[in-house]
Amino acid sequence: MKICTTFCVSLATVLVMMSNIVMAVAETHIPTTLDGPFDPVTRRFDPSLRRGSDDLPMTHPRLRKNVTSNFPEQIALAISSPTSMWVSWVTGDAQIGLNVTPVESASVGSEVWYGKKSGKYTSVGKGDSVVYSQLYPFEGLWNYTSGIIHHVKLKGLEPGTRYYYKCGDSSIPAMSQEHYFETFPKPSPNNYPARIAVIGDLGLTSNSTSTIDHLNYNDPSMILMVGDLTYANQYLTTGGKGASCYSCAFPDAPIRETYQPRWDGWGRFMEPLTSEIPMMVIEGNHEIEPQAGGITFKSYLTRFAVPAEESGSKSNFYYSFDAGGIHFIMLGAYVDYNSTGAQFAWLKKDLQSVDRSVTPWLVAAWHSPWYNSYASHYQEFECMRLEMEELLFRYRVDIVFDGHVHAYERMNRVFNYTLDPCGPVYITVGDGGNIEKVDVDHADDPGKCPSAGDNIPEFGGVCKSNFSTGPAKGNFCWNKQPEWSAFRESSFGHGILEVVNSTYALWTWHRNQDNYKENAVGDQIYIVRQPELCMKDLKDPHQSLPYNSSTKSSSAINHLSQDVSIIISQILGVLFIYGLLSQVEWS
């Protein structure tokens with residue numbers, strides 16, 4: 001009787017737990033792209049929030065220099081390959097004024113001591129160092145020359161391994177404190193980084209700090225930075241206060257000036273993250289920074305190490321890399337993207353070399369979005385889309401991340417402005433928090449459609465035109481949210497990509513105003529690859545694969561399969577525990 005009573009009570013407990021699990025799965029159901037295309041949704045800007053905030057001053061604790069002499073600061077990691085990692089840092093003091101003299105870059109060595117145990121460094125890597133200058137040929141403008149920027153590539157690393165390291169110059173001696181990083185697992189359809197943070201248009205405002213603090217709480221294993229980093233070009237060369245609108249505040253500036261110490265402040269601001277997880281960057285328009293002699297992008301090109309050479313690129317403006325079973329392609333929107341150019345040729349070769357049986361996921365990123373329903377930057381990079389979109393579609397890129405527009409928007413799967421189940425999911429995350437404020441106007445709002453003369457790109461041609469097909473045929477703007485725009489919201493935040501397996505990846509957009517709310521998300525969806533549908537015939541990039549009832553019905557089946565698998569795994573766990581308890585009771 002005792003055994004029966006115990007068994008019946010325990011069985012009832014198991015059934016209650018099973019019921020609770022089923023209810024929990026139903027309540028937390030997350031949509032997938034298989035449910036799409038979705039009806040467009042707009043969440044308007046919350047008027048209780050501020051559209052922006054001022055930049056942090058250089059005296060702010062997170063921006064000011066906290067090391068002395070030639071000790072390393074602004075330490076940052078970047079992926080070189082599955083078995084190598086870049087370590088970069090800055091030593092010495094930058095100079096700014098009418099007359100500056102660059103220091104000798106070789107005066108401080110570039111060393112990284114590293115090993116698999118804390119305090120025990122079994123290897124030493126050595127690299128190169130460089131100094132750059134930002135010079136202006138105009139009377140009264142201040143010039144800048146940087147501290148010494150060091151880049152060391154650590155080679156022969158084991159995938160999926162934690163390494164402890166110090167960087168600096170041991171002969172001075174001036175070595176950093178100990179940091180650590182973890183290499184990603186080797187490329188495989190079964191290996192993926194835990195969480196990839198995606199940010200665009202970050203800047204250095206109070207909103208930027210909220211974004212980074214929120215991101216840090218979400219514990220990413222890598223940062224994808226899709227351009228417009230510091231907004232140092234919102235200042236005059238003499239510093240002072242930055243402006244949300246440069247041309248409005250400084251209409252008489254002889255050139256787009258910059259206050260280069262903001263770059264140093266940004267490096268310090270990011271160091272707590274970038275010294276332990278790799279940050280992969282791509283240039284945006286705020287990195288152009290023209291100076292004497294027609295030189296551009298000097299800060300970006302000098303400060304960041306990227307795997308350009310490793311991926312067969314001859315330019316740091318575009319490159320690729322693997323992170324587990326994901327192949328990332330970083331494209332340059334502010335260098336030649338024409339189909340006859342070097343970047344296009346490199347892109348085609350890189351896409352041809354991808355083995356989808358090893359890296360099933362193909363993710364691309366660049367700064368300026370092709371699909372954008374906001375008035376800001378509307379159709380600005382239509383020329384780039386016309387040159388490159390067909391190639392990316394032909395090789396079935398899964399996800400595209402962009403910035404530039406200071407808001408959030410996620411698209412339905414789309415190709416050539418037509419809903420297509422094999423098109424990429426385009427996501428705009430230019431909502432990092434910069435000084436230029438959040439964008440709130442949509443091109444389909446009454447009176448907000450830009451003219452064809454607005455939004456002229458800072459690089460490339462102008463290819464704007466009226467839509468030739470679809471509901472907006474004959475018009476430059478839609479009169480409602482476009483069908484390819486699934487969700488949009490004007491808020492600051494960041495995204496997290498969690499690849500689950502070779503076909504499912506969870507995308508979550510986190511809003512800054514939800515920073516202290518438990519389990520709050522601004523947008524969340526499973527992005528699902530369909531290789532059986534989309535990879536069966538890649539010869540014809542024009543092949544139309546419309547959404548249909550079979551696709552919709554397969555969505556329900558996949559959902560059921562996914563939810564049931566979750567339930568079964570939970571039930572098995574409960575039954576296992578119940579079996580152990582039963583054995584203890586009956587013994």
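Side chains are part of it too, since the values below use all heavy atoms of this structure and drop only hydrogens, waters and symmetry mates. Computed from a predicted model, the values in this text were never measured in an experiment.
With Ser353 contributing its side chain and Asp350 its backbone, the two residues share a donor-acceptor pair below 3.5 Å. Without hydrogens or angle criteria, Gln481 side chain to Val41 main chain gives a donor-acceptor distance under 3.5 Å. The main-chain N or O of Thr503 is found under 3.5 Å from a side-chain atom of Asn501 such that the two form a donor-acceptor pair. With hydrogens and angles ignored, the 3.5 Å screen pairs a side-chain donor or acceptor of Arg396 with a backbone N or O of Phe393. Between the side chain of Gln134 and the backbone N or O of Glu289, at least one donor-acceptor pair lies under 3.5 Å. Side chain of Tyr378 to backbone of Phe476: a donor-acceptor contact under 3.5 angstrom is found. A distance-only check finds no donor-acceptor pair linking the side chain of Asn412 to the backbone of Pro37 [under 3.5 Å]. Using a distance-only test at 3.5 Å, with no hydrogens or angles considered, no donor-acceptor pair links the side chain of His404 to the main chain of Thr428. Looking only at distances, a side-chain donor or acceptor of Asn434 sits under 3.5 Å from a matching main-chain atom of Asp201. Judged purely by atom type and a 3.5 angstrom limit, Ser490 uses its side chain to pair as donor or acceptor with the backbone of Asp439.
Counting all heavy atoms, side chain and backbone alike, Met411 lies closest to Val425 at O-CG1, 3.7 Å. For the residue pair Pro421 and Cys534, the shortest heavy atom distance occurs at O-SG, 3.9 Å. Taking both residues in full, the closest heavy atoms of Ala78 and Ala305 are given as CB-O, 3.3 Å, listed atom of the first, atom of the second, then distance. Between Ser221 and Pro278 the shortest heavy-atom distance is O-CD, 3.5 Å. Ala308 and Tyr319 make their closest contact through CA-CB, 3.8 Å (heavy atoms, listed as atom of the first residue, atom of the second, distance). Considering all non-hydrogen atoms of both residues, Met270 and Ile212 come closest at SD-CD1, 3.8 Å.
Between Asp398 and Arg356, at least one side-chain nitrogen of the basic residue sits less than 4.0 Å from a carboxylate oxygen of the acidic one, meeting the salt-bridge criterion. Between Arg488 and Asp444 there is a salt bridge, with a side-chain nitrogen of the basic residue lying less than 4.0 Å from a carboxylate oxygen of the acidic one. Under a 4.0 Å N-O distance rule, the pair Asp523/Arg511 does not qualify as a salt bridge. Checked for salt-bridge contact, Glu309 and Lys314 miss the test: no charged N lies under 4.0 Å from a carboxylate O. Between Glu532 and Lys536 no salt bridge is recorded (no basic side-chain N to carboxylate O distance below 4.0 Å).
Taking the side chain as every heavy atom from C-beta outward, His442 and Thr42 approach each other to under 4.5 Å. Side-chain atoms of Gln234 and Glu436, non-hydrogen and from C-beta on, do get closer than 4.5 Å to each other. The closest side-chain heavy-atom distance from Tyr504 to Val499 is not below 4.5 Å. Annotation: side chain of Trp346 is in contact with side chain of Ser320 (closest heavy-atom distance under 4.5 Å). Residues Phe459 and Asn285 are not in side-chain contact: their nearest non-hydrogen atoms beyond the backbone lie 4.5 Å or more apart. At a threshold of 4.5 Å between non-hydrogen side-chain atoms, the residues Glu283 and Phe317 count as touching. With contacts defined as side-chain heavy-atom distances shorter than 4.5 Å, the pair Met280/Phe328 does not qualify. Side-chain contact check for Ile525 versus Thr33: some heavy-atom pair is nearer than 4.5 Å.
With rounding to the nearest 0.5 Å, the separation of OH in Tyr395 from NE2 in His327 is 12.0 Å. Separating the OG atom in Ser313 from the CD1 atom in Ile329 is a distance of 11.5 Å, to the nearest 0.5 Å. To the nearest 0.5 Å, atom CG of residue Asn207 and atom CG of residue Asn512 are 6.5 Å apart. Taking CZ from Phe415 and CZ from Arg394, the interatomic distance works out to 9.0 Å, rounded to the nearest 0.5 Å. Annotation: the span from Met384 atom CE to Leu331 atom CG amounts to 5.0 Å, rounded to 0.5 Å. In this structure, CG on Asn479 lies 11.5 Å from CG on Asp445, to the nearest 0.5 angstrom.
Taking the six-membered ring where the residue is Trp, Trp370 and Trp366 present tilted rings, their angle falling between 30° and 60°. Tyr408 and Trp507 have parallel rings, their planes meeting at less than 30° on a 0 to 90° scale where 60° marks the start of perpendicular.
Dense packing is recorded around CG of Asp355, with more than 12 heavy atoms of other residues, nucleotides or ligands lying under 6.0 Å away. More than 12 heavy atoms of other shown residues, nucleotides or ligands fall within 6.0 angstrom of atom NZ in Lys153.
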Candidate pair Phe304 and Asn316, rule side-chain contact (heavy atoms from CB on, under 4.5 Å), full reasoning: CA-CA 9 Å; Phe304 299 105; Asn316 282 20; over 6 Å; no

Residues Glu389, Tyr371; criterion side-chain contact (heavy atoms from CB on, under 4.5 Å); working and verdict: CA-CA 11 Å; Glu389 183 183 25; Tyr371 290 92; 2.5 Å; yes

Stepwise side-chain contact (heavy atoms from CB on, under 4.5 Å) test for His406 and Lys437: CA-CA 7 Å; His406 302 161; Lys437 301 182 180 179; over 6 Å; no

Test log, rule side chain to side chain donor-acceptor pair (under 3.5 Å), inputs Thr211 and Ser208: CA-CA 5 Å; Thr211 299; Ser208 310; over 6 Å; no

Steps toward side-chain contact (heavy atoms from CB on, under 4.5 Å) verdict (Trp484, Arg413): CA-CA 7 Å; Trp484 36 262; Arg413 289 192 177 276; over 6 Å; no

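Asn338 and Thr340 share no donor-acceptor pair across their side chains, judged by distance under 3.5 Å alone. No hydrogens or angles considered: a donor-acceptor pair under 3.5 Å links the side chains of Gln260 and Ser299. With no hydrogens or angles considered, no side-chain donor-acceptor pair links Glu310 and Ser81 at under 3.5 Å. No side-chain donor-acceptor contact under 3.5 Å links Asn515 and Tyr217. Side chains of His377 and Asn455: no donor on one and acceptor on the other come within 3.5 Å.
The side-chain tip of Arg385 does not point at the ring of Tyr337 from less than 6.0 angstrom away and within 45° of straight on. At least one test fails for Arg410 against the ring of Tyr426: distance under 6.0 Å to the centre or angle within 45° of the axis.
Taking the centre of each ring, Tyr334 and Phe381 come in below the 6.0 Å mark. Not less than 6.0 angstrom separates the ring centroid of Phe487 from the ring centroid of Phe38.
Here the rule is side-chain contact (heavy atoms from CB on, under 4.5 Å) with Arg195, and of Leu215, Ile496, Ile277, Leu506 only Ile496 fits it.
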